[in-house]
There are 2 protein chains.
Amino acid sequence: MAVNAYVPDASFGGTTALGWLKWVIFMATIRDVAARAGVSVATVSHVMNESRFVTEDTKQRVLAAIAALNYRRDGIARSLRRSQTGTIGAIIADITNPFFSDLVKGIEDTIRGFPEKLNLILCNTEEDAARELLYLDVLMEKRIDGLILAPAGGNVAYLEALVARGFPLVFVDRSLSSVTADSVLVDNLAAATALVAHLIARGHRRIAVLKATLHASSITERVQGHAAAMAAAGLDFDAGMIVESASSIDAAFEGGRAILALDPLPDAVFCTNNFMTLGMMRALNEQGLRCPQDMAIAGFDDFQWADAFRPRMTTVAQSGYDQGCAAARLLRDRITKVQTGPAVHLVHGTALNIRESSG
Amino acid sequence: MAVNAYVPDASFGGTTALGWLKWVIFMATIRDVAARAGVSVATVSHVMNESRFVTEDTKQRVLAAIAALNYRRDGIARSLRRSQTGTIGAIIADITNPFFSDLVKGIEDTIRGFPEKLNLILCNTEEDAARELLYLDVLMEKRIDGLILAPAGGNVAYLEALVARGFPLVFVDRSLSSVTADSVLVDNLAAATALVAHLIARGHRRIAVLKATLHASSITERVQGHAAAMAAAGLDFDAGMIVESASSIDAAFEGGRAILALDPLPDAVFCTNNFMTLGMMRALNEQGLRCPQDMAIAGFDDFQWADAFRPRMTTVAQSGYDQGCAAARLLRDRITKVQTGPAVHLVHGTALNIRESSG
DNA sequence: TCGCCCTTGTTAAACGATTACGTTAAAATA
DNA sequence: TATTTTAACGTAATCGTTTAACAAGGGCGA
């Protein structure tokens, strides 16, 4: 495979240790285009950006040269000069969580529609604040134009500094009370309260919580919702009925086992997110218990197959997709300075899907 | 909010139309650091990159200046100079498909471990070749160092040109026969054959296929597997039993309806991916039919909750995560030229999970 | 003392675009 | 005809790094 055959002329100098790519992948520069079209580099640039009038004849010559050389402008050089990269970051908890993959898809679909041609760099923190910090640093080095963040907690000072400097930041799923940035959230407290109230209305009294150990505001609020609904119904519950596990299906499976080891056994479980629900169901299956006959389950976050399998899950549904779209729009407005005022907080609606798992 | 208060001195010139960020977000440059530390920019660079010995004393002064100014080096300028961006692209079909979100997570987890500190730009084609082309162009402009691609089909010439130039490219999930790049795949034909053979062994004779309309090699091979198993068992089937739908749950739901409208009704359905299985189950539920009593179902791609709900799904399991890890390693080896020989093709194993849905 | 190497540091040329400013020739006006 | 205006394009500075090439100073053997 004669890779060097693609080098069109001898104008290449030596190859440095790191610059070998240059040798192998020939890329015409704006100068090559200008030379071939017999114009200056400025004219080529203006043709590409439509930033100045160029006679039709000249424009065609430039376009022909671009096509002939298969020229693609160097986005890196462009970014350096313009101080804009056209790249945004998304730091989320875990892409394998359907809520977040929906969210990311919403972001992607939305930015694709923007004339700015934005790109998305994706980062999973797995709820680890240290990893979040590392990603923040890397993204800042990459000079992203803005960031959509589901904060893992911690790093408050860092984020405060960012927003103080005017860096475009949008929170999703959760927010940090001390950092005043745009956000798109749902009313976790109200939704969780309603869900647990529904369980109570179905006659359940001992309602446990399988809680993801996150410092996320969303989870805390959901747990508070449980307490609120219980209190409103005059029901007592001890702290032991709130079982924590890391936010993954495997960890939730262990958490579910712990709940099933509770004495006396609860008659319902409120799962604070997708992974908790799935882990709980696994634990239930393992013990040969049936839902809802032996134990009722209701969870936060719907999933697309929640009604395709048995038991159909009673859930609080929120649209990760819509929230992703909204976050992308907010961020774009900040980046382009369409929006410059104080922080905007969007609260998206939730739906209580009552299905058979809640008994 | 006095954003301008953060500008530390008057050394800033005018602000151009596009360069407003510079004004708002002050970022120290290597020159500022050098000035504060009383050394040259070269020395600062060498301290940061450990590319030459620097006396401990000088190094400490530089480090102190970096800390004091909260300096982060400009990755854009760095990339321009080094002709390396430390960014790779992943163009996949749909992040909401659990197979792909697992895959992306595998990529991410793997590149995080590399000393090169790579980043991932994510793109969803939704199986649209035109969108793929658009993303290819954008990523090339962004000067990514390499690409992991689940090709939507088409764009063959473009991709051929890329690999001919030596651009690091790794196929995942599917490949393009005319493009000789590294790949990590599974043996779709064998796995699908085994799955359908299992259905036949369970006594099913009229076995329909719910096929995602993709030009992907993976799907074609899975359909061929069905034909092979049927032929091996001496079973006939007409083309009408292969129903196509777009690769989404909603479309698969319609496809499932079409299958349930077949006369005579098949007694089993082979679903060629995750989304097909989910859509088929929805259709079954809608008609009030039960699985496996009224119709057996078996699908390609396992999902983490496949055994947590009823009916437990019989599936061919493949690890998107492992494939993502492998693809990331292959790509890294190409980028760093650790690997330079002919294309490497990795075939990952699959597992046949026999559960109750197949009857 | 001279020449040489070694150590540490500096200077300045890239990298490839964008864009403020300048220039040229033709057209318009006085 | 002399001058200004306008249309069309060119020149060169700039963005913030990396790194080859060079330089100064000190140590040391002959």
Side-chain angles (χ1 to χ4, degrees), chain A residues 11-23 25-35 37-59 61-62 66 69 71-86 140-143, chain B residues 11-19 21-23 25-35 37-59 61-62 66 69 71-86 141-143:
Chain A
S11 68
F12 276 82
T15 154
T16 69
L18 292 156
W20 63 268
L21 266 172
K22 275 293 151 50
W23 248 100
I25 307 183
F26 168 72
M27 314 227 82
T29 72
I30 198 173
R31 236 166 291 273
D32 300 323
V33 174
V39 297
S40 73
V41 293
T43 301
V44 176
S45 175
H46 284 123
V47 167
M48 293 210 71
N49 299 313
E50 302 189 336
S51 45
R52 193 165 72 177
F53 183 84
V54 177
T55 30
E56 190 56 29
D57 177 56
T58 314
K59 182 188 287 186
R61 283 212 320 282
V62 170
I66 287 175
L69 295 173
Y71 169 70
R72 311 281 143 129
R73 83 180 139 202
D74 186 325
I76 296 297
R78 185 165 206 252
S79 294
L80 177 60
R81 187 53 231 256
R82 307 185 55 191
S83 326
Q84 284 196 159
T85 56
M140 289 308 137
E141 231 187 54
K142 284 251 149 61
R143 295 297 191 259
Chain B
S11 69
F12 276 83
T15 157
T16 69
L18 291 157
L21 266 172
K22 275 294 152 47
W23 249 102
I25 308 183
F26 167 72
M27 315 226 82
T29 72
I30 199 173
R31 235 167 292 273
D32 300 322
V33 174
V39 298
S40 73
V41 293
T43 302
V44 176
S45 176
H46 283 125
V47 167
M48 293 211 70
N49 299 313
E50 301 188 338
S51 44
R52 199 167 64 176
F53 185 85
V54 176
T55 356
E56 189 56 29
D57 177 56
T58 316
K59 184 189 285 185
R61 283 215 317 285
V62 170
I66 287 175
L69 295 173
Y71 168 71
R72 311 280 142 128
R73 81 180 140 202
D74 187 326
I76 296 297
R78 187 166 205 253
S79 294
L80 178 59
R81 185 51 231 251
R82 307 186 55 192
S83 323
Q84 284 195 160
T85 56
E141 226 185 62
K142 283 250 149 61
R143 296 295 191 259

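First the proteins, then the strands, lettered A, B, ... as listed; each starts at 1. These numbers come from the heavy atoms of this one structure, side chains and all, not from hydrogens, waters or symmetry mates. All figures in this text were calculated on a predicted structure; none of them were measured in a lab.
As a whole-Å value, the separation of B/Arg82 CZ from C/dG16 P is 15 Å. Between the CD1 atom of A/Ile30 and the P atom of C/dT19 there is a distance of 11 Å, given to the nearest Å. The nearest whole Å value for the distance from the CE atom in A/Met48 to the P atom in C/dT19 is 14 Å. Rounded to a whole Å, the CZ atom of A/Arg81 is 16 Å from the P atom of D/dA12. Between A/Arg61 atom CZ and D/dC9 atom C1' the separation is 11 Å, expressed in whole Å. Between the C1' atom of C/dG9 and the CG atom of B/Asn49 lies a distance of 16 Å, rounded to the nearest Å. Rounded to whole angstrom, the span from the NE2 atom of B/His46 across to the P atom of D/dT19 amounts to 7 Å. For the pair A/Gln84 CD and D/dC15 P, the interatomic distance rounds to 16 Å; values are reported in whole Å.
A sub-4.0 Å separation between OP1 or OP2 of C/dT18 and a side-chain N or O of A/Ser45 is present. When the side-chain nitrogen and oxygen atoms of A/Thr29 are compared with OP1 and OP2 of C/dG16, none of them lie within a distance under 4.0 Å. Between C/dC15 and B/Ser83, no contact under 4.0 Å exists linking OP1 or OP2 to a side-chain N or O. Dashed line: the shortest gap from a side-chain N or O of A/Arg78 to OP1 or OP2 of C/dT18 is under 4.0 Å. An OP1 or OP2 oxygen of C/dT7 is reached within less than 4.0 angstrom by no side-chain nitrogen or oxygen of B/Thr55.
For C/dG16, its base never sits under 3.5 Å from the side chain of B/Arg143 at any donor and acceptor pair. Under 3.5 Å, the side chain of A/Arg31 and the base of D/dT11 form no donor-acceptor pair of N or O atoms. Side-chain to base pairing of B/Arg73 with D/dT17: no donor and acceptor N or O lie closer than 3.5 Å to each other.
The side chain of B/Thr58 approaches C/dT8 more closely than any other nucleotide in the set D/dT19, D/dC15, C/dT8. Listed nucleotides D/dC9, D/dG16, D/dT17 differ in distance to A/Arg52; the shortest reach to its side chain belongs to D/dC9.
Rounded to the nearest 0.5 Å, atoms CD1 (B/Ile30) and CZ (B/Arg78) are 10.0 Å apart. Here A/Arg52 contributes atom CZ and A/Thr43 contributes atom OG1; the two are 6.0 Å apart, rounded to the nearest 0.5 Å.
Between A/Ser45 and A/Ser51 the shortest heavy-atom distance is O-OG, 4.3 Å. Nearest heavy-atom pair, B/Ala34 versus B/Ser40, reported as atom, atom and distance to 0.1 Å: CB-C, 3.7 Å.
Both A/Val41 and A/Phe53 lie near DNA chain D, and the one whose nearest nucleotide falls closer to the 5' end is A/Phe53. Positionally, the nearest nucleotide of DNA chain C for B/Ala42 lies more toward the 5' end than for the other of B/Ala42 and B/Ala77.
Between the A/Arg72 side chain and the B/Glu141 main chain, no donor and acceptor come within less than 3.5 Å of each other.
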